[in-house]
Amino acid sequence: MPEAILDWRRARLRKHADYQRVYQVSRRHASASMTYFFRERPVDDPAGAQARVGLTTGRVLGKAVERNRIRRRMREAVRLHLGLLPERTDVVLHPRKNVLTMSFALLEKEIARIFAAVAAGARA
RNA sequence: CAGACAGACUGGGCGGCCGCUGCCGGAGAUCGGGGCCCCGCAGGCGAGAGCCGUGCGGAGUCUCAGGCGACUCCGGUGGAGGAAAGUCCGGACUCCGCAGGGCAGUGUGCCGGAUAACAUCCGGGACCUGAGCGUGAAGGCUCAGGGACGGCAAGUGCCACAGAAAAGAUACCGCCCGGCUUCCGCGAGGGAUUCGGGUAAGGGUGAAAAGGUGCGGUAAGAGCGCACCGCUCCGGCGGCGACGGCGGAGGCAGGGUAAACCCCACACGGAGCAAGACCAAAUAGGGAACGAGCCCGUCAGCAAUGGCGGCACGCGCCGGCCCGGCGCGGCAACCUCGAAAUGGGGCGCCCAGCAGUGGGCGAAAGUUCCGGGUAGGUCGCUACAGCGAACGCAGCAAUGCGGCGCGCAGAGGAAUGGCCGUCCUCGACAGAAUCCGGCUUACAGGUCUGUCUGCGAA
RNA sequence: CGGGACGUGGCUCAGCCUGGUAGAGCACUCGCUUGGGGUGCGAGGGGUCGGCAGUUCAAAUCUGCCCGUCCCGA
């Protein structure tokens, strides 16, 4: 368990424009049960230094109950590993349908791996 | 007792750690916008007293402002459904439209009631289906179930194929009568062919063939006559009414289809919370007011006109102001009548479902003002047709009235969760997005009530 | 969340309003033409009309309810 549980409300992408900026500058990266996008924000960005994460659960993932469950499991896994992200980073995650049924331990490991990759990519 | 069906209710429990969100209470540290006035410094004008207003800094006071707007922490409390779903109906609410009428369009459709309203619900009626009883067969009686159930007796259309004929009937095979010819027979008569007529019983076709059954009747037949049933019309009776039952008349007209056009009655303006209200960047655009030479020179061109330069004018920028410098702009306005007007006529465009008709608009740069409006923010946003029950009254009931009790999500890239342990009967369908009333569809297990069937006991 | 359109052979569509026979093009199969292929000519196969009910004698067509696809509105 990472030591720092950061402020979750500030750590979310909340605007359509935020998502669009990430999509414009980022390539699509693939993982086993999700794809992800990320970008670094400039130092003078008004949102501050907090790293932020956005989730997307579209219609193709299933009906409302399944989409809700996927989003909640993702959010919990992201919350537990938020400390791995460097400052001034925006990440967007697109989960796949198997997030619904995979074990939570595996999901946590995958999120941690992705955040580590983002941190490496941001430094480069 | 078991099964099926129908209806009503319910829709895993307990515990631990971590997390999200609304409201209430408490604590903490920090941050900000605007107005007014004062002081200091810098600046401009003036001979000066002084005046001007701009920038920077400081102090005070008022206000937003209510110990409150944002933030953090602590405590308490609430936090998906019976269908939250499909979006099929009906409303509330909001904005837009609305001189009045016509046409068109859409929906509903037995009767009465309930309701804010409905295509919903309750009660009733007729009809249909099934079972039982009954009858020669129907009609009839009892029970159960069903549902888009006004009008083809206003008009129009359609009814393929088959069949003779498909809608104010018809005559294919038949049946019957009469005539001609012919054959058989001694004869009475019989057969065949053909012509004329009668007939709607039988055959055959079809989804459907012009009341049904029985008896009489007849050349053969036929509501041709009679009985029962059905049907139509009339009368009066009961019922708020759909309708019921009674009496009389009529031999029977009127096939089906209106989820065909349509007729009748009734209802309906349109869009929808991404409605709409308030605040409001950047950029682009809109409206109003103000708004300047028929100048001179030169070049191109037949000309209209266009390019360049000058002076004047208008405007912007630099500047506190003047001077000055730099940059931009232009004699035109939809056409026409008229001396002209705020006048008349036309043209074009826009708006109003359509027609008639009505309303609005038609000039440059630039400045000022105004309004709309996007991103974004706030409200709408949950306390009401609210929920509960074993309350009372009215009603067969749906439901209404009165009293009692309860407070039950309110998010906004979108909360109501994640992980673990444990118990059992191992948990279905499924996630609020303005809110209600219904309908429809999906659904594991459990509880209760009713009906039917089977078995067992008495 | 709200509003609207569509679903017919393997593909793209017509037929639906006004109900009785499902049709066109491409594709497919066979035959002829050619030395062979293409082209051309001729013949043929292939459709629960998205599903379930209802109205009707009769439904792709009319009505209702479901399923799926697509489009529009901040």
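Labels below follow one simple rule: chain letters A, B, ... track the order of the sequence lines, proteins then strands, and each chain is numbered from 1. Note that these values count all heavy atoms, side chains included, but never hydrogens, waters or copies made by symmetry.
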For residues 97-104 of chain A, which side-chain donor-acceptor pairs fall under 3.5 Å, sequence neighbours excluded?
unit_1, atom_1, unit_2, atom_2, d
A:T101, OG1, A:N98, O, 3.4
A:S103, OG, A:L106, N, 3.3

Any idea if [N] is syn or anti, going by the 90°-from-0 cut?
{"N": "B:G82", "result": "syn"}
{"N": "C:A27", "result": "anti"}
{"N": "B:G380", "result": "anti"}
{"N": "B:A332", "result": "syn"}

Open item on the list: When the C1' atoms of B:G67 and B:U416 are compared, how many Å lie between them, rounded to an integer?
Closed with: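 My reading of the C1' atoms in B:U416 and B:G67 gives 33 Å.
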Task: P spacing across the pair B:A117 / B:C95, given as an integer number of angstrom - done: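 Going atom to atom, P in each nucleotide, I get 24 Å.
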From the list [options], which nucleotide is the closest neighbour of the side chain of [X]?
{"X": "A:R72", "options": "B:G413, B:A80, B:A430", "result": "B:A80"}
{"X": "A:F104", "options": "B:G413, B:A80, B:C419", "result": "B:C419"}
{"X": "A:T56", "options": "B:A415, B:C18, B:G413", "result": "B:G413"}
{"X": "A:R79", "options": "B:U416, B:C18, B:G431", "result": "B:C18"}

With a 3.5 angstrom cut-off on both distances, give the Watson-Crick or G-U wobble partner of [N], or none if there isn't one.
{"N": "B:C1", "value": "B:G454"}
{"N": "B:A92", "value": "B:U434"}
{"N": "B:G372", "value": "none"}
{"N": "B:G105", "value": "B:C268"}
{"N": "B:G123", "value": "B:C111"}
{"N": "B:G338", "value": "none"}
{"N": "B:G15", "value": "B:C420"}
{"N": "B:G386", "value": "B:C406"}

Separation of [X] atom [atom1] from [N] atom [atom2], in whole Å?
{"X": "A:N68", "N": "B:A414", "atom1": "CG", "atom2": "P", "result": "11 Å"}
{"X": "A:E66", "N": "B:A430", "atom1": "CD", "atom2": "P", "result": "8 Å"}
{"X": "A:H94", "N": "B:G413", "atom1": "NE2", "atom2": "C1'", "result": "11 Å"}
{"X": "A:K63", "N": "B:A85", "atom1": "NZ", "atom2": "C1'", "result": "7 Å"}

How long is the straight-line distance from [atom2] of [Y] back to [atom1] of [X], given to the nearest 0.5 Å?
{"X": "A:M34", "Y": "A:L55", "atom1": "CE", "atom2": "CG", "value": "9.5 Å"}
{"X": "A:L61", "Y": "A:H94", "atom1": "CG", "atom2": "NE2", "value": "10.0 Å"}
{"X": "A:F38", "Y": "A:D90", "atom1": "CZ", "atom2": "CG", "value": "11.5 Å"}

TODO: Ignoring backbone atoms, establish whether A:R71 has a side-chain N or O less than 4.0 Å from OP1 or OP2 of B:A414.
DONE: no
Open item on the list: Counting only side-chain nitrogens and oxygens, does A:R69 get under 4.0 Å of the OP1 or OP2 atom of B:G418?
Closed with: yes
TODO: Tell me which of A:G54 and A:A64 sits closer to the 5' end of RNA chain B, going by the nucleotide each one is nearest to.
DONE: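 It is A:G54 whose nearest nucleotide is closer to the 5' end.
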Task: salt bridge (Lys or Arg N to Asp or Glu O under 4.0 Å) between A:R69 and A:E66, intermediate numbers included - done: CA-CA 5 Å; A:R69 188 159 180 82; A:E66 295 163 1; over 6 Å; no
TODO: Kindly say whether the aromatic ring centers of A:H29 and A:Y36 come within a distance under 6.0 Å.
DONE: yes
Task: Watson-Crick and G-U pairing of RNA chain C, under 3.5 Å, as dot-bracket with | and [ ] - done: ((((((((.[[[[.)....(..]]]].(((((.......))))).....[[[[[..)....]]]]]))))))).
